[in-house]
Amino acid sequence: INYSLRRFEIVRSKSMERTVAIRPKTAEAFDHYIMNYWTKLPHGSQARVDGYIFCDKKGRHISLRAINRIFETVRSH
């Protein structure tokens, strides 16, 4: 995630690697999440090893359905 340029790079996906532009508010939300939650995961957790951004509190990846629910909730607010 490059906060100064408001972009993040997608390296693992079903398609090709790419950089995506994001809004300033989204960049702030990512920064808040990373600094206040993700960095507190155990260092050996699966999220840190595999580079998952979204994970459960134990650092395991979450399902696609759970990710979709998160974004549905965010969109509705």
Side-chain angles (χ1 to χ4, degrees):
I1 300 174
N2 184 329
Y3 297 105
S4 63
L5 295 176
R6 296 188 187 104
R7 297 183 183 283
F8 68 95
E9 185 176 344
I10 300 172
V11 250
R12 295 184 183 176
S13 71
K14 291 184 178 181
S15 58
M16 296 181 65
E17 181 176 314
R18 63 195 179 279
T19 301
V20 179
I22 55 177
R23 295 178 184 255
K25 189 169 186 168
T26 306
E28 289 174 21
F30 268 118
D31 184 50
H32 176 78
Y33 172 74
I34 299 285
M35 298 306 293
N36 293 299
Y37 299 98
W38 195 86
T39 55
K40 294 181 179 161
L41 292 172
H43 287 285
S45 70
Q46 198 66 37
R48 286 181 176 261
V49 172
D50 292 335
Y52 298 130
I53 292 178
F54 300 110
C55 56
D56 66 12
K57 64 183 178 182
K58 292 183 180 179
R60 297 175 300 211
H61 70 87
I62 59 176
S63 68
L64 178 59
R65 183 178 174 138
I67 292 172
N68 287 333
R69 284 188 199 156
I70 291 168
F71 284 103
E72 286 170 10
T73 302
V74 170
R75 281 189 206 113
S76 69
H77 286 81

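All residue numbers in this chain count up from 1 along the given sequence.
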Salt bridge (Lys or Arg N to Asp or Glu O under 4.0 Å) contacts in which one or both residues fall within residues 61-72, not counting sequence neighbours =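 Salt bridge (Lys or Arg N to Asp or Glu O under 4.0 Å) check on residues 61-72 returns no pairs.
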F30, M35: one ILVMFWY side-chain cluster at the under-4.5 Å cut-off?
-> no
Path from F54 to V74 over hydrophobic side-chain contacts below 4.5 Å =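 The answer is yes; both residues are in one hydrophobic cluster.
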side-chain contact (heavy atoms from CB on, under 4.5 Å) partners for [X], two or more places apart:
X   : answer
T39 : I34, R48
Y33 : Y37, W38, I53, C55
T73 : H77

Minimum-distance pair of heavy atoms, taken over all atoms of S45 and G59 |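 Heavy atoms only, the tightest pair is CB-CA, 3.9 Å.
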Could you list the residues that satisfy salt bridge (charged side-chain N to carboxylate O under 4.0 Å, His left out) with R60, not counting sequence neighbours?
-> D56
All side chain to side chain donor-acceptor pair (under 3.5 Å) counterparts of N36, not counting sequence neighbours =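 Applying side chain to side chain donor-acceptor pair (under 3.5 Å) to N36 gives H32.
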